[in-house]
Protein chains: 2
Amino acid sequence: MEGLGTTYTVSVLARKFGLSRTTLLYYDKIGLLRPSRRQENGYRAYDAGDAARLAQICAYRRYGLNLADIGRILDHRGSDAKQVLARRFEELGVQIQELREQQRQILSLMGSEHLERTDLVMSKADWTALMRAAGFSDADMFAWHVRFEHQAPEQHLKFLKFLCIPDEEIHQIRAWSAAGAKPDG
Amino acid sequence: MEGLGTTYTVSVLARKFGLSRTTLLYYDKIGLLRPSRRQENGYRAYDAGDAARLAQICAYRRYGLNLADIGRILDHRGSDAKQVLARRFEELGVQIQELREQQRQILSLMGSEHLERTDLVMSKADWTALMRAAGFSDADMFAWHVRFEHQAPEQHLKFLKFLCIPDEEIHQIRAWSAAGAKPDG
DNA sequence: CATGAACTGTGAAGCTGTAGACGGGTCAAG
DNA sequence: CTTGACCCGTCTACAGCTTCACAGTTCATG
């Protein structure tokens, strides 16, 4: 206030955004967020504009963008936000797949008996129980898989991974889904 | 070879396991995998035992364990593999949630129009179309959500996030699912 | 005016797991 | 003996901070 606008010191601004002081010092060092002014004693003086920029930075961080990308977007240095976010979105898809893969690996190693009552994953058994309770017969579920596989194979795969089904079994399910016929047994 | 058993140099062993030479050098430095012998010229000489240990390391890495944990497990320093893997499993669940959250944030910011035909996520519309095609009426889906919410609320939440539904909508769906009655409109 | 707490500044190092550069050794071909 | 293609070990860099060390400042209290 006081006519010249609000200013913040590092720690105050950091607290305002739930960051640590050193994080802001780091942002300063790499040029992502420089305080527009310094006090006579050399202390950093951030103004409302700086705070607004920091708000943007935090927002983009929430999407998981790295600081370099954020810098490019904010300074309009050839990077368009939409394009960067779209790229990040795809990256996230890949990462999620990887982590889920690790989860399934662990699961298939330990078997669910050792992960006592995890509640963390939806298992195939849980899912089919739910569907059966909703009136789905085995035949219905089969038809549903077939349709799913034909309509959106990628998403079918994702869904099966979501259920933490082992690779081989996923492969089998997709195979008979694609063929439209379940093998004997 | 020559009767004293097979030995490998760094690069050879690295290639054998699809790792880079520097990775093995790093493992040596942190004490995770020390070659049991050195040649006269100072070159690292890994034997079959070392290779076996490396195989274990790679296996654990596939589950996403960090090197410190792997070291503790292999050297039996108070860490039991099952317990560490279980911990890692939960960690993975949290991380996946976070990444998916980022994905949903991006999606809700950009709207699906900008992510042209991504195929990367299953949308609510895709899902309901599939269920309708399988003979589910709106009322059936409603009942299904109610059952899901009561039977496994955590997993219901996960599933809704899997469909990349915005937070507020998830909240609403869960609210009426829990209540067992859909509000007007 | 001295003391201390609580702030500020700078700089350097550490973390994880890996990639790459650098200079030097090894070995066969010419 | 030299050239070239490899190999080796060591050192440095990356992200995105955090932690540490050390010094100067501000302000309230005694």
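Letters A, B, ... are given to chains in the order of the sequence lines, protein chains preceding strands, and every chain is numbered from 1. Worth knowing before you read on, the calculation uses all heavy atoms, side chains too, and leaves out hydrogens, waters and symmetry mates.
- Between B:L33 and B:L13 the shortest heavy-atom distance is CD2-CD2, 4.5 Å.
- Along DNA chain D, the stretch of nucleotides lying under 4.0 Å from any heavy atom of chain B spans, 5' to 3', D:dC7 to D:dT10.
- Applying the side chain to side chain contact (heavy atoms under 4.5 Å, CB included) criterion to A:Q95, with sequence neighbours excluded, gives A:R88, A:E91, B:L99.
- In this structure, the separation between CD on B:Q105 and CG on A:L92 is 11.0 Å, given to the nearest 0.5 Å.
- Here the closest non-hydrogen pair linking A:Y8 and A:A51 is CE1-CB, 4.0 Å.
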query: Tell me, for nucleotides 19-27 of chain C in 5' to 3' order, what letter each nucleotide earns: B for a base near a protein heavy atom under 4.0 Å, S for only sugar-phosphate near one, - for neither?
result: BBB----S-
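- Toward the 5' end of DNA chain C, the nearer of the two residues A:A45 and B:R61, judged by each one's closest nucleotide, is A:A45.
- One N or O on the side chain of A:D50 and one on the backbone of A:S36 form a donor-acceptor pair closer than 3.5 Å.
- Qualifying side chain to side chain contact (heavy atoms under 4.5 Å, CB included) partners for A:S20, counting only residues two or more places apart in sequence or in other chains: A:T22, A:T23.
- The distance from atom OG1 of B:T9 to atom OH of B:Y46, rounded to the nearest 0.5 Å, is 9.0 Å.
- In summary, the side chains of A:E101 and A:Q97 do not present any donor paired with an acceptor at a separation below 3.5 Å, with no hydrogens or angles considered.
- The side chain to side chain contact (heavy atoms under 4.5 Å, CB included) search around A:Q83 returns A:D80, not counting sequence neighbours.
- Note that CD of A:E149 and CH2 of A:W176 are 9.5 Å apart. Values are rounded to the nearest 0.5 Å.
- A heavy atom closer than 4.0 Å to some atom of DNA chain D occurs in no member of residues 47-59 of chain A.
- Across A:I70 and A:I57, no two heavy atoms sit closer than the pair CD1-O, 3.8 Å.
- Residue pairs meeting the salt bridge (Lys or Arg N to Asp or Glu O under 4.0 Å) criterion with at least one partner in residues 20-33 of chain B, sequence neighbours excluded, are B:D28-B:R34, B:D28-B:R38, B:D28-B:R44.
- Scored by the salt bridge (Lys or Arg N to Asp or Glu O under 4.0 Å) test, A:E98 finds no partners at all (sequence neighbours excluded).
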Nucleotide N/O to protein N/O under 3.5 Å, stretch nucleotides 3-6 of chain C:
none

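- Heavy-atom nearest nucleotides on DNA chain D were determined for B:K29 and for B:R15, and the one closer to the 5' end corresponds to B:R15.
- Between A:R44 and C:dG9 there is a side-chain polar atom (N or O) within less than 4.0 angstrom of OP1 or OP2.
- Sorted by first and then second residue, the pairs that involve residues 52-64 of chain B and meet side chain to side chain donor-acceptor pair (under 3.5 Å), not counting sequence neighbours, are B:R53-B:D75.
- For A:A45, the side chain to side chain contact (heavy atoms under 4.5 Å, CB included) partners at least two apart in sequence or on another chain are A:R37, A:Q39.
- Rounding to whole angstrom units, OH of residue A:Y26 and P of C:dG14 are separated by 17 Å.
- Rounded to 10 degrees, the angle separating the terminal helix axes of the helix from C:dC1-D:dG30 to C:dG30-D:dC1, each built from five base pairs, is 40°.
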